[in-house]
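Just so you know, these numbers come straight off a predicted model, no measurement behind them. Atoms within a ligand are numbered from 1 in the order they appear, just like the ligands themselves.
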Amino acid sequence: VTDQAPCATAPIETDALIVGAGPAGLFQAFQLGLLEIKSYIVDALPYAGGQCIELYPDKPIYDIPGVPHYTGRQLVANLLKQLAPFEPSLHLGQVVTGLAKQDDGRFLVTTSKDTRFIAKCVILAAGVGAFQPKLLPVEGIEQFRDQQLFYQLGSKADFAGKHLLIVGGEDAALDWASRFASEQGPDRPKSVTLLHRRDVFQAAPEAIAQVKSLRDAGALRLMVGQVTGFVAEGSGLVAVQVTDVNGQTQSLPLDALLVLLGLSPKLGPIASWGLEMERKQLPVDTEKFSTRIDGLFAVGDVNTYPGKKKLILSAFHECALAAFGAAALIFPDKKIMLQYTTTSTRLHSLLGVDSKV
Ligand SMILES: Cc1cc2nc3c(=O)[nH]c(=O)nc-3n(C[C@H](O)[C@H](O)[C@H](O)COP(=O)(O)OP(=O)(O)OC[C@H]3O[C@@H](n4cnc5c(N)ncnc54)[C@H](O)[C@@H]3O)c2cc1C
């Protein structure tokens with residue numbers, strides 16, 4: 001599994017491109033692999049797993065067939081393990097922004113990191129949308145993005161010697177505030193302030209205890225309030241306005257702002273591709289899980305059809321049939337046979353397992 005570097009030059013040509021690395025996207029790549037179709041997967045998140053990892057990594061799931069219980073994390077780890085023989089190419093941390101059908105019938109797919117793919121078929125496994133950071137709702141502040149305003153941590157060194165303000169009240173914000181405040185090496189910021197809109201945190205008790213003990217030791221400042229404005233000098237951000245629960249506003253000087261307010265799914269780009277949608281979902285047939293555009297399939301939470309249930313097991317079934325639909329397009333002259341993984345020596349060879357067992 002690789003998070004490959006963006007490729008701004010030649011597009012990557014592939015038989016199949018999967019949008020989304022949630023359970024549907026991962027199992028889709030496996031099913032395509034069984035039919036000898038190489039696929040690429042793109043996800044906005046920097047890791048695979050979709051909702052299972054982002055929303056409930058440690059909660060048990062009780063309705064995966066044959067598995068009495070699995071946490072979201074275990075399910076994803078095993079989907080990746082199952083997929084490993086097909087050496088999947090995952091392009092993570094990038095949103096699929098463009099999808100256009102070419103004159104030759106193939107799709108040109110573009111991402112926010114300028115990666116481009118030319119794919120014979122595209123399988124949308126986009127769930128409830130691309131998980132993207134919740135932005136600070138302050139008009140104009142986005143101009144400082146990636147210079148002084150960050151929604152994810154690149155390198156700790158970016159904050160070395162700086163007055164750092166971290167915004168958020170969940171685990172990620174508290175963990176990073178503690179890590180920066182405890183940093184003793186050259187990456188140590190000059191000061192660390194953690195700002196949350198309430199004086200109650202939604203985080204693990206240990207994370208809260210750690211932040212409070214660093215506050216008591218004078219290594220970290222805790223503030224209650226919301227960023228309501230900013231002060232710029234030249235092209236630089238020099239302070240933010242913080243308004244507390246009583247409506248009092250004060251200016252807080254800073255060099256860097258790390259906003260960790262969590263992620264929320266945004267259908268965003270998919271909704272803007274002119275595809276026919278029903279209540280934010282893509283109508284598909286139930287034979288191949290194809291949309292009405294030839295070569296464009298949709299599986300998992302993003303699709304809709306009579307009787308649709310947004311369950312992982314339904315997604316898995318959809319992936320198997322979509323793979324056969326894709327194979328018919330990719331290998332128009334080949335008769336695609338159903339083979340059992342238990343008995344097919346061809347599948348054993350693809351999976352790298354011993355046929356004699
Ligand atoms: C709290 C909770 C508990 C649940 N419990 C169960 C359960 O017990 N059993 C069960 O069967 N189901 C359960 N579900 C539902 C289950 O998680 C979903 O049905 C499943 O995750 C759908 O998988 P998916 O791959 O279709 O979509 P997702 O898991 O949503 O993954 C879609 C992925 O696509 C990416 N993406 C979308 N658009 C783009 C784009 N334009 N560019 C790049 N990436 C993009 C997203 O970032 C995301 O990672 C639960 C859901 C929740 C929220």
- Would you say A315 touches ligand 1, if touching means a heavy atom closer than 4.0 Å?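 So A315 does not count as touching ligand 1.
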Please confirm whether Q94 approaches ligand 1 to less than 4.0 Å, judged on its heavy atoms. yes
- From T193, L258, D255, residue fulfilling side-chain contact (heavy atoms from CB on, under 4.5 Å) relative to L164: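 The residue from T193, L258, D255 that satisfies side-chain contact (heavy atoms from CB on, under 4.5 Å) with L164 turns out to be L258.
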Should [X] be counted as touching ligand 1, given the test is an N or O pair under 3.5 Å?
X: I270; answer: no
X: D43; answer: yes
X: A130; answer: yes
X: F131; answer: yes
X: V95; answer: no
X: C52; answer: no
X: Y62; answer: no
X: V302; answer: no

For the [atom1] atom of [X] and the [atom2] atom of [Y], what is their distance to the nearest 0.5 Å?
X: E183; Y: S178; atom1: CD; atom2: OG; result: 12.5 Å
X: Y56; Y: L75; atom1: OH; atom2: CG; result: 7.5 Å
X: T342; Y: H348; atom1: OG1; atom2: NE2; result: 6.5 Å
X: L17; Y: I123; atom1: CG; atom2: CD1; result: 8.0 Å

Give the atom numbers and elements of ligand 1 that come within less than 4.0 Å of a heavy atom of [X].
X: G50; result: 29 (O), 31 (O), 48 (C), 49 (O)
X: L45; result: 49 (O)
X: L55; result: 53 (C)
X: G20; result: 33 (C), 34 (O), 35 (C)
X: V128; result: 30 (O)

Okay, side chain of [X], backbone of [Y]: is any donor-acceptor separation there less than 3.5 Å?
X: E13; Y: I118; value: no
X: T249; Y: Q241; value: no
X: Q148; Y: L237; value: yes

The one among G300, G22, P23 that brings a heavy atom closest to atom 23 (O) of ligand 1: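 Shortest heavy-atom distance from atom 23 (O) of ligand 1: P23.
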Checking heavy-atom distances from atom 37 (C) of ligand 1 to each of A271, A125, G129, the winner is G129
For [atom], what's the nearest protein heavy atom and its distance?
atom: atom 41 (N) of ligand 1; answer: V96 O, 3.1 Å
atom: atom 27 (O) of ligand 1; answer: G127 CA, 3.2 Å
atom: atom 44 (N) of ligand 1; answer: A44 N, 3.0 Å
atom: atom 19 (O) of ligand 1; answer: D301 OD1, 2.9 Å
atom: atom 8 (O) of ligand 1; answer: I61 CG2, 3.4 Å
atom: atom 25 (O) of ligand 1; answer: A24 N, 3.0 Å
atom: atom 14 (N) of ligand 1; answer: Y56 OH, 3.4 Å
atom: atom 30 (O) of ligand 1; answer: Q51 NE2, 2.8 Å

Using 30° and 60° as the class boundaries, would you call the ring planes of [X] and [Y] parallel, tilted or perpendicular?
X: F159; Y: F150; value: perpendicular
X: F289; Y: H317; value: perpendicular
X: F117; Y: H91; value: perpendicular

Do the side chains of T286 and L321 get nearer than 4.5 Å, heavy atoms only?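 In short, these two side chains do not touch, never coming nearer than 4.5 Å.
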Q.
Could you tell me if the side chain of E318 sits less than 4.5 Å from the side chain of K308, heavy atoms only?
A.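 The answer is yes, as the side chains (C-beta and beyond) meet within the 4.5 Å cut-off.
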Using a heavy-atom cut-off of under 4.0 Å, does the side chain or the backbone of [X] touch ligand 1, or both, or neither?
X: I312; result: both
X: K310; result: backbone
X: D63; result: side chain

Kindly indicate, with the supporting measurements, whether the criterion side chain to side chain donor-acceptor pair (under 3.5 Å) is fulfilled by Q281 and T304. CA-CA 6 Å; Q281 270 117 32; T304 185; 4.5 Å; no
T115 side chain to Q94 side chain, donor-acceptor N/O pair below 3.5 angstrom: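 Result is yes, a qualifying pair exists.
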Under 4.5 Å between side-chain heavy atoms, counting indirect links through other Ile/Leu/Val/Met/Phe/Trp/Tyr residues: same cluster for V192 and L165 or not?
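No, because V192 and L165 fall into different hydrophobic clusters, even though each may have its own neighbours under 4.5 Å.
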